[in-house]
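Just so it is clear: chains get the letters A, B, ... in the order the sequence lines come, proteins before strands, and each one is counted from 1. These numbers come from the heavy atoms of this one structure, side chains and all, not from hydrogens, waters or symmetry mates.
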Amino acid sequence: MNLPDQPNFKTHFADLLRQAASTLIEPDALPRIEMARTKQASHGDYSCNIAMQLAKPLRKNPREIASLLIEAIPDSPLLEKVEVAGAGFINLFLTHAAKQTFLQYVLKKGKTFGTGHYGQGKKIQVEFVSANPTGPLHVGHGRGAALGASLANILAAAGFCVTREYYVNDAGRQMDILTLSAWLRYLELNGIHLPFPENAYQGDYVKVMAQLIQQAHAERYVHQADLLLDGLDENVTDEGINTDLQLDRMIANAKQILGEDYAYIHNFVLTEQLGDCRNDLMEFGVTFDTWFSEQSLFDNGFVAHAVKMLEERGFLYQQDGAAWFRSTKFGDEKDRVVQRENGQFTYFASDIAYHLNKFERGFEQVINIWGADHHGYIARVKGALQALEQDPNKLEIALVQFAVLYRDGKKAPMSTRSGEFVTLRELREEVGKDAARFFYVMRKSDQHLDFDLDLAKSESNENPVYYVQYAHARVCSVLAQWEEGDISMLADVNAELLTSPAELGLLQKIIDFPDIVEAAAKEFAPHLIAFYLRELASEFHSYYNSTRFLVPEESLQHARLSLIVAIQKVLQNGLNLLGVNAPEKM
RNA sequence: GUGCCCGUAGCUCAAUUGGAUAGAGCACCAGCCUUCUAAGCUGGGGGUUACAGGUUCGAUCCCUGUCGGGCACGCCA
């Protein structure tokens, strides 16, 4: 049988029904043909509800319409039979030959099986993680990283031209606080003990950075540190420093005392944290095409430019000395400040500039992966884009709910500022990269995630990661014991011998894979891949236990081997999309 | 208080976005290694989809209300 290059049975059947429906109704009035995979084998392989949808416009009984459609359906070598069922479903059965022949395409496509053209080469950007470089990544960032990286892979597989981007918040107050924190620790190393503000960064990593500065430059950056507390309340040493005002005063003092050296320390801690973050993510299998600096938007005047554009279009007004953007015109709850009383731009201002910049770089679609705590932020960013005459629908925000760690059935404590949190690095060291990546995307992203550390760690049948990987290792093991051992022999195998329910079920499962990838891309839902892989592994394990592959009869042996090689490819490709290894031995 | 998200088996979650008898894993019970890896397989029990209405051929999904949980409501980022 000769089939087109990348056969898609689902769309083929949809075409057949569309042709049949054109005998009953004007093509313009025809709704989209929904072709769904069935849950039960008795319902065939694919099912369509078009007859029910046409019941209203045609004013006829759905079952009657279904019968008429079936009579009008063109002949196809892929269609075994078609029947009416239930309230008017049209159930279609694929021929065994169609399923069996499909195996050849899988083996031929190999690593690229599962890819498609849904994205039509559109330029799409995925921005994710984008954590402030003020400390180590924690397990909350890990979920965004795993989700973003997997989604980017899936979009690329679905035919998009993907750019992965990390927005570096290297401007602004948090970086100043980190700089001050590091300098204070550095001063301590030089015997100068000033009160350490409660709202500065407490983590030990700050002390490590201070040590690095100390080792490289000795006491060079001590300067007149005793002036640091100037202008603060008299009795700070007794009560401690804990207000934003006091902290900002210390930062201002530090800038004055250090002069040009302030920039050195600022830059040093930034580079250090960013490098740490990059390594951490790399070891997590997460890489970026672009690290986009927020500071660069200020340096080249782009923030001022964007704000000016808002002003020119009449969306800005002055009140209480600040410049406000009329975001309420675009559905926001209240207007927002873009330039403060003291002349500084707000974070929102640079974010407007950043998103405008994204569109000006020519991305046809932009996806932001944000923590769910930022959901109130969506309206104002989209509003600003609209005000700047951009299409806000080109920006899509995927919200990620928090991940809560459980150890021994109890919540692991998490509190960012106090430095008491589980880092991504610790998580990786504890459960391993593969388990962490898989667990993070096992849930729909807009759902809370309960991350069971004990389960992720367990090297047993309880662990879904090993379950999928084990299926892959088993195939590899069989192939290793296959004496002829040449997979190319399987290219033109006679798959007609694959007729058991298990074999036909597995064939259908393989056929589904490209559709699953496309659905995952369409819905920003990597968890669909995880669930699919689990199901495929399950069917394989069952097959493995019931059927011997290395049988004496060569044609049957080759047929079965070709099937498990195809399964191996799908497992590899699927795990690869999720950033999980497919080990040959376990 | 206002806005957004959520509520599905004992636990953690799915459900092709309005489709057929709501499905998996874990946990629990009973079996399967002289055979390609038992990190596996086979069988079993378990549900008024928080609750009350509404929309229609058909609702876990859409609308209204109630109860319960999470998040957000700065000239912070």
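Judged by the 6.0 Å and 45° rule, A:Arg474 forms a cation-pi pair with A:Tyr544. A:Tyr467 carries A:Arg534 over the face of its six-membered ring, with the cationic atom under 6.0 Å from the centre and within 45° of the normal. In this structure, A:Lys522 is positioned above the aromatic face of A:Tyr118, its NZ or CZ under 6.0 Å from the six-membered ring centre and within 45° of the axis.
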Enumerate all atom pairs, one protein N or O and one N or O from nucleotides 18-21 of chain B, separated by less than 3.5 Å.
residue : atom : partner : partner atom : Å
B:G19   : N7   : A:Asn49 : ND2          : 3.1
B:A20   : OP2  : A:Lys39 : NZ           : 3.1
B:A20   : N6   : A:Ser47 : OG           : 2.5
B:A20   : N6   : A:Asn91 : OD1          : 2.6
B:A20   : N1   : A:Asn91 : OD1          : 3.3
B:A20   : N1   : A:Asn91 : ND2          : 3.1

Distances for protein N/O vs nucleotides 1-8 of chain B N/O pairs under 3.5 angstrom?
residue : atom : partner  : partner atom : Å
B:G3    : N2   : A:His375 : NE2          : 3.1

Distances for protein N or O near nucleotides 41-44 of chain B N or O, under 3.5 Å:
residue : atom : partner  : partner atom : Å
B:C41   : OP1  : A:Tyr467 : OH           : 2.5
B:C41   : O4'  : A:Asn545 : ND2          : 3.0
B:U42   : OP1  : A:Ser542 : OG           : 2.9

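The residue A:Lys585 sits close to a base: some heavy atom pair falls under 4.0 Å. A:Ala471 comes within contact range of no nucleotide atom at all, as no heavy-atom separation falls under 4.0 Å. At a threshold of 4.0 angstrom between heavy atoms, the contacts of A:Ala322 include nucleobase atoms, whether or not backbone atoms are also involved.
Comparing A:Arg336 and A:Ser477 by the nucleotide of RNA chain B whose heavy atom lies nearest to each, the residue mapping closer to the 5' end is A:Ser477. Toward the 5' end of RNA chain B, the nearer of the two residues A:His527 and A:Glu294, judged by each one's closest nucleotide, is A:His527.
Ring orientation note: the planes of A:Phe325 and A:Phe348 are tilted relative to one another, at an angle of 30° to 60°. Under the 30°/60° scheme for interplanar angles, the aromatic rings of A:His374 and A:Tyr377 are found to stand perpendicular. Taking the six-membered ring where tryptophan is involved, the planes of A:Trp482 and A:His558 are perpendicular, since the angle between them exceeds 60° and thus also 30°. Taking the six-membered ring where the residue is Trp, A:Trp370 and A:His355 present perpendicular rings, their angle passing 60° and hence far from 30°.
Using C1' as the reference atom, B:C67 and B:G23 are 28 Å apart when rounded to the nearest Å. With P as the reference atom, B:C26 and B:U42 are 12 Å apart, rounded to whole Å.
Shown here is A:Glu83, whose CD atom has more than 12 heavy atoms of other residues, nucleotides or ligands within 6.0 Å.
Residues forming a salt bridge (Lys or Arg N to Asp or Glu O under 4.0 Å) with A:Arg173 (at least two apart in sequence, or on another chain): A:Asp244, A:Asp248.
For the salt bridge (charged side-chain N to carboxylate O under 4.0 Å, His left out) condition, the pairs that include at least one residue of residues 547-565 of chain A, sequence neighbours left out, are A:Glu503-A:Arg560.
Distances shorter than 4.0 Å separate none of the side-chain N or O atoms of A:His472 from OP1 or OP2 on B:U37.
Paired runs in RNA chain B that reach 3 or more consecutive Watson-Crick or G-U pairs, where each pair keeps both distances under 3.5 Å, cover B:1-7 with B:67-73, B:10-13 with B:23-26, B:28-32 with B:40-44, B:50-54 with B:62-66.
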